[in-house]
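Let me begin by presenting the structure, written as structure tokens, before commenting on it.
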Amino acid sequence: MKLDRRNFIKSSAILGSSALLLPNTKIFANTNIITNSAKKMNLKFKPYTLELKHVFTIATSSRSTTPVMLTEIEYDGVIGYGEASMPPYLGESQETASKFLTKVNLEQFNDPFQLENILEYVDSIDVNNSAAKASIDIALHDLVGKLLGEPWYKIWGYDKSKTPNTSFTIGIDTPEVIKQKVKEAEIYKVIKVKLGRENDKEMIETIRSVTDKPIVADINQGWKEKEKALEMIYWLQDKGVQFVEQPMPKENIDDMAWLTEKSPLPTIADEFLQRLPDVVRAHGVYSGINIKLMKCTGLREAQKMLILAKALGMKVMLGCMTETSCAISAASQLAPESDWADLDGNLLISNDPYEGTLIENGKIRLMDYPGIGLKSL
Ligand code: MG
């Protein structure tokens with residue numbers, strides 16, 4: 001039935017007082033206002049353990065599994081999927097995520113399109129818990145995109161042909177294993193290498209003995225002296241390295257600003273930064289930032305960081321943890337606007353429960369599934 005002016009005024013008045021209690025009456029059927037007020041969002045979550053194909057070593061740790069939490073937000077029969085990935089060094093766990101998610105009450109909201117309000121509430125529940133917060137943000141974006149029937153890159157107006165190549169990460173290892181991994185990474189056009197130990201030059205020489213592909217280097221705060229770091233950057237530039245990520249400890253702000261000013265290669269902040277205000281702190285200290293959904297609470301804040309960094313003339317890289325295709329597909333919605341992407345987390349695991357963004361000839365290919373571009377297997 002059509003909603004005439006009188007009924008509209010009547011319904012608006014009722015909505016003003018007790019919208020959630022309204023029955024889905026015949027008179028008000030098929031009106032968006034009533035539909036939204038009568039339906040609720042339901043959050044579910046379950047722990048899941050990702051199995052890594054290789055033991056993964058960086059400058060500070062080694063591991064073969066990653067704990068994650070998979071979330072679902074259901075609304076009006078539509079399900080949005082989300083994920084929190086929690087490598088132990090970041091301080092979150094399935095226990096902390098479970099504790100946080102138990103406190104989240106989405107039933108108080110009757111309109112999933114109120115992303116700002118809902119996510120501001122989620123952020124206010126507790127400090128930290130950024131991966132757990134991201135698991136809500138991602139599920140909510142997936143849900144809203146599905147309700148709109150479009151993937152987020154399209155809703156945001158991005159050109160999917162502009163996605164960059166993704167780099168494929170090779171951990172610190174013996175020369176034999178590194179050569180093997182480079183061979184396995186044949187379809188990828190950019191190799192990301194973890195440096196920051198005694199054998200940095202050996203790692204690069206080993207890779208160069210089997211491929212001439214561009215390399216990007218992640219030091220994970222491993223270099224302690226700025227002069228040595230600069231010398232190393234010049235050496236890496238000669239070897240075809242494109243940028244250096246987090247070369248020095250995050251606390252060394254003055255040394256880092258000095259290094260960035262003199263460096264022939266862009267310097268990218270990773271461990272140094274987490275959320276939106278950190279982009280301002282990174283300006284003038286690093287040439288660019290690495291945005292990760294698990295650190296910045298999800299897509300909503302990630303997009304704000306991307307826009308701010310670009311406005312400040314900084315480079316933007318999209319990164320990830322070891323994650324399923326869920327969080328990777330979400331992050332890749334922003335890929336058309338990024339300079340570099342390191343979205344290989346789902347490629348490093350053997351038990352991905354989803355299918356989403358693909359890598360074709362090393363390039364990120366966004367799928368046209370609505371939401372975050374994901375299909376549940
Ligand atoms: Mg990094």
Side-chain angles (χ1 to χ4, degrees), residues 52 54-63 66 85-92 130-131 134 164-173 181 185 188 190-197 200 203-204 207 214-224 229 232-233 236 241-253 256 259-260 263 265-275 278-279 281-282 285-296 302 305-306 309 314-323 327-328 331-332 334-335 338-349 364:
L52 307 193
H54 291 284
V55 173
F56 196 72
T57 303
I58 61 169
T60 47
S61 63
S62 276
R63 64 178 198 278
T66 300
S85 170
M86 298 162 290
Y89 63 92
L90 290 175
E92 288 183 75
S130 62
N165 292 320
T166 187
S167 51
F168 185 83
T169 304
I170 291 180
I172 294 168
D173 225 313
K181 286 183 180 174
Y188 303 98
V190 183
I191 301 287
K192 179 168 174 174
V193 61
K194 295 285 193 177
L195 301 181
R197 288 189 176 179
D200 285 356
M203 286 275 293
I204 298 292
I207 293 169
I215 299 174
V216 298
D218 189 354
I219 322 302
N220 290 114
Q221 316 186 72
W223 298 340
K224 308 301 177 196
M232 193 62 194
I233 290 173
L236 291 173
V241 170
Q242 296 190 324
F243 65 76
V244 287
E245 188 180 328
Q246 200 63 55
M248 301 193 70
K250 59 184 179 184
E251 301 80 17
N252 296 13
I253 294 173
M256 198 51 237
L259 187 61
T260 294
S263 173
L265 296 177
T267 60
I268 306 296
D270 184 8
E271 285 87 340
F272 175 81
L273 106 168
Q274 192 166 359
R275 299 192 56 178
D278 300 324
V279 179
R281 288 174 53 235
V285 182
Y286 295 84
S287 330
I289 60 167
N290 184 350
I291 301 174
K292 294 178 176 170
L293 298 189
M294 295 304 142
K295 284 167 54 175
C296 75
M305 291 171 77
L306 182 146
M314 299 176 79
K315 297 282 188 192
V316 170
M317 165 183 181
L318 290 173
C320 62
M321 310 296 168
T322 35
E323 301 167 346
I328 294 293
S332 66
L334 292 166
S338 69
D339 297 288
W340 299 290
D342 179 32
L343 296 176
D344 63 349
N346 57 336
L347 308 169
L348 305 174
I349 63 171
I364 293 170

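None of these values were measured; they are calculated from a predicted model. Just so you know, these numbers use all the heavy atoms, side chains as well, and skip hydrogens, waters and symmetry mates. When a ligand or atom number is given, it counts from 1 through the structure's own listing order.
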- prompt: Which atom, among the N/O/S set of Asp218, is closest to the Mg ion (ligand 1)?
  reply: OD2
pair Lys295-Met321: side-chain heavy atoms closer than 4.5 Å: yes
message: Restricting to N, O or S atoms, which atom of Asp270 is closest to the Mg ion (ligand 1)?
response: OD2
message: Between the side chains of Arg275 and Asp278, is the shortest nitrogen-to-carboxylate-oxygen separation below 4.0 Å, so that they form an ion pair?
response: no
field: Identity of the N, O or S atom of Glu245 lying closest to the Mg ion (ligand 1)
entry: OE2
message: Could you tell me if Asp344 and Thr169 have a donor-acceptor pair between their side chains, going purely by distance under 3.5 Å?
response: yes
message: Quick check against the 3.5 Å criterion: does Asp339 have a side-chain atom that pairs as donor or acceptor with the backbone of Val316?
response: yes
